[in-house]
Amino acid sequence: MQQTVSAFNYEPAAVKGLAEIHEAIAKASWKVSGCGLSQGALSCALFIDKYARYQKIDHDVELSRELFDLGCRSLAVERSSWLELADLALVCHRFSRRHIVEADPDYFFEDIDKIAIQVVQHNGPLTGFNSARMGAALYAMRRLAAGASAFSKPVSSLTSAITLDTATSGPDQAGPAKANRCSLAVGHAAPVLFAAAACELGLLDKRLPITGINWRIEQILSLFDPAVPSEFNTGWHHGDLGKAYAVLRAGMAFENKGWIGAGMHILMCCAYQVLSQGVLGLDIAGGGAGMALVFQKVYRITGQYVFKEAAGRIHWLLARTAIAVDEGNIDAGYSFNHGISGIGLAIIAGMNEQDEELDELMWLI
């Protein structure tokens, strides 16, 4: 019997394999919206573009352009989150370089850039990428990577603030609440990972004190007791995979062997758990597609074969499993983070382990 992986309370539609994913997205293109990767329009645009290049066809360019326009029409700066704006910036940069859209990003984002600089410099909490300040920081880093030099000083200043800040500790927590406070989406792992990426871009002097990074990594590692066998939450946005990757990248950036070892230990435990127990879902944010891309990235930077094996096992599953499509929440069902666009892109990435095109979309910075 064909297996359908579903997280919904009703009987969903199901697709299997790249061709069916492409067909479903093409048919649903008029229904999607949203300017972030947790919504449908930009996510579907990215998949259609990548699929066309993978299959060496050119008739989908117009559909990618239409989907991008749909996403832009959904933009409402006063209501859109900074993470959504960061996603929009990344997709706009890519599509402009490939001449899918004729847009000058500096002109397109001129007003948003001014607000972003104010938000980044505002003395707000330094938590996950879903928060306003760190979402704006991700937007700033993506604009800086595209040549917007006005963001160099704000990103550098924010990174220095992260390295020193321990004031966001709040009350003591334990269990799931503390685990979530340490995640990439809403917790300490995001500023740790952001600071590591900024450091490698030369935006931070490694000789400066990093008490804030130390404190955050202590909070993350306090969740794990190497002497006690435990189940790992192998999800990316809210799970242990995201926390461990942030610790590993910080260890590499700041040349701390202890952090490298701790991050690698947790990542390897996650990989072995996936190999022995499989995955519970298939999406990017918390399921197999995200895990496969993370393991693929970690294999590229460490050379440890277990990560290649875990990624390969999941990619095999993604290509052969009937995937439930959430038609009740159309934008989530077709999105990069939670739906079939992300799963389809992960399947394509699995066919080339050197493909780094999804890294930034995944926060694999």
Ignoring hydrogens and geometry, is there a side-chain-to-backbone donor-acceptor pair from [X] to [Y] under 3.5 Å?
{"X": "Arg65", "Y": "Ile100", "value": "yes"}
{"X": "Gln39", "Y": "Gly36", "value": "yes"}
{"X": "Asn256", "Y": "Gly251", "value": "no"}
{"X": "Thr163", "Y": "Ser160", "value": "yes"}
{"X": "His93", "Y": "Ala89", "value": "yes"}
{"X": "Arg142", "Y": "Ala86", "value": "yes"}
{"X": "Ser335", "Y": "Ala332", "value": "yes"}
{"X": "His22", "Y": "Leu18", "value": "no"}
{"X": "Ser74", "Y": "Cys35", "value": "no"}
{"X": "Ser64", "Y": "Ile48", "value": "no"}

Shortest non-hydrogen separation from [X] to [Y] and the atoms involved:
{"X": "Leu318", "Y": "Ala346", "result": "CD1-CB, 4.1 Å"}
{"X": "Val120", "Y": "Ala140", "result": "CG2-CB, 4.2 Å"}
{"X": "Leu267", "Y": "Ala244", "result": "CG-CB, 3.6 Å"}
{"X": "Leu345", "Y": "Lys50", "result": "CD2-CB, 3.4 Å"}
{"X": "Gly263", "Y": "Val247", "result": "N-CG1, 3.9 Å"}
{"X": "Leu138", "Y": "Leu83", "result": "CD2-CD1, 3.7 Å"}

Are [X] and [Y] close enough that some pair of their side-chain heavy atoms sits under 4.5 Å apart?
{"X": "Leu46", "Y": "Phe95", "result": "yes"}
{"X": "Arg133", "Y": "Pro125", "result": "no"}
{"X": "Met362", "Y": "Lys297", "result": "no"}
{"X": "Cys269", "Y": "Phe224", "result": "no"}
{"X": "Lys243", "Y": "Ile266", "result": "no"}
{"X": "Leu158", "Y": "Leu126", "result": "yes"}
{"X": "Leu42", "Y": "Phe68", "result": "yes"}
{"X": "Arg143", "Y": "Ile112", "result": "no"}

### Task
Output, in order, the C-alpha distance, side-chain angles, deciding distance and verdict of side-chain contact (heavy atoms from CB on, under 4.5 Å) for Thr302 and Met268.
CA-CA 11 Å; Thr302 68; Met268 293 184 83; over 6 Å; no
### Query
Run the side-chain contact (heavy atoms from CB on, under 4.5 Å) check on Ser341 and Ile25 step by step: do they pass?
CA-CA 8 Å; Ser341 290; Ile25 288 174; 3.5 Å; yes
Roughly how far, to the nearest 0.5 Å, is the [atom2] atom of [Y] from the [atom1] atom of [X]?
{"X": "Lys153", "Y": "Gln121", "atom1": "NZ", "atom2": "CD", "result": "8.0 Å"}
{"X": "Ile301", "Y": "Arg249", "atom1": "CD1", "atom2": "CZ", "result": "5.5 Å"}
{"X": "Tyr299", "Y": "Gln304", "atom1": "OH", "atom2": "CD", "result": "10.0 Å"}
{"X": "Asn352", "Y": "Glu357", "atom1": "CG", "atom2": "CD", "result": "10.0 Å"}
{"X": "Phe307", "Y": "Cys270", "atom1": "CZ", "atom2": "SG", "result": "9.0 Å"}
{"X": "Glu218", "Y": "Thr211", "atom1": "CD", "atom2": "OG1", "result": "10.0 Å"}

### Task
I would like to know whether His188 and Trp215 meet side-chain contact (heavy atoms from CB on, under 4.5 Å); could you show each step before the answer?
CA-CA 9 Å; His188 301 310; Trp215 179 80; 3.5 Å; yes
### Query
What's the verdict on side-chain contact (heavy atoms from CB on, under 4.5 Å) for Val186 and Ser131, showing C-alpha distance, side-chain angles and the deciding distance?
CA-CA 7 Å; Val186 298; Ser131 70; over 6 Å; no
### Query
Under 6.0 Å between ring centres, would you say that holds for Tyr245 and Trp363?
no
### Message
Show every side-chain hydrogen bond (donor to acceptor under 3.5 Å, both in side chains) that has at least one partner inside residues 269-280, sequence neighbours left out.
### Response
Glu231-Gln277
### Query
Would you say the side chains of Asn329 and His338 form a donor-acceptor pair under 3.5 Å?
no
#### Entry: Pair Glu309, Tyr305: side-chain N/O donor-acceptor within cut-off below 3.5 Å
no
### Task
Before accepting this row, confirm whether a basic side-chain N of the pair Arg53/Asp49 lies closer than 4.0 Å to the acidic partner's carboxylate O.
yes
### Task
On the 0 to 90° scale, with breaks at 30° and 60°, tag the Tyr139-Phe151 ring pair as parallel, tilted or perpendicular.
perpendicular
### Task
Report whether Phe194 and Val119 are members of the same hydrophobic cluster (ILVMFWY, side-chain heavy atoms less than 4.5 Å apart, transitive linking).
yes
## Note on the structure
The single option from Leu221, Ile220, Asp240 that satisfies side chain to side chain contact (heavy atoms under 4.5 Å, CB included) with Cys182 is Ile220
### Message
Counting only heavy atoms not in Tyr54 (residues, nucleotides, ligands), do more than 12 fall under 6.0 Å from its OH?
### Response
no
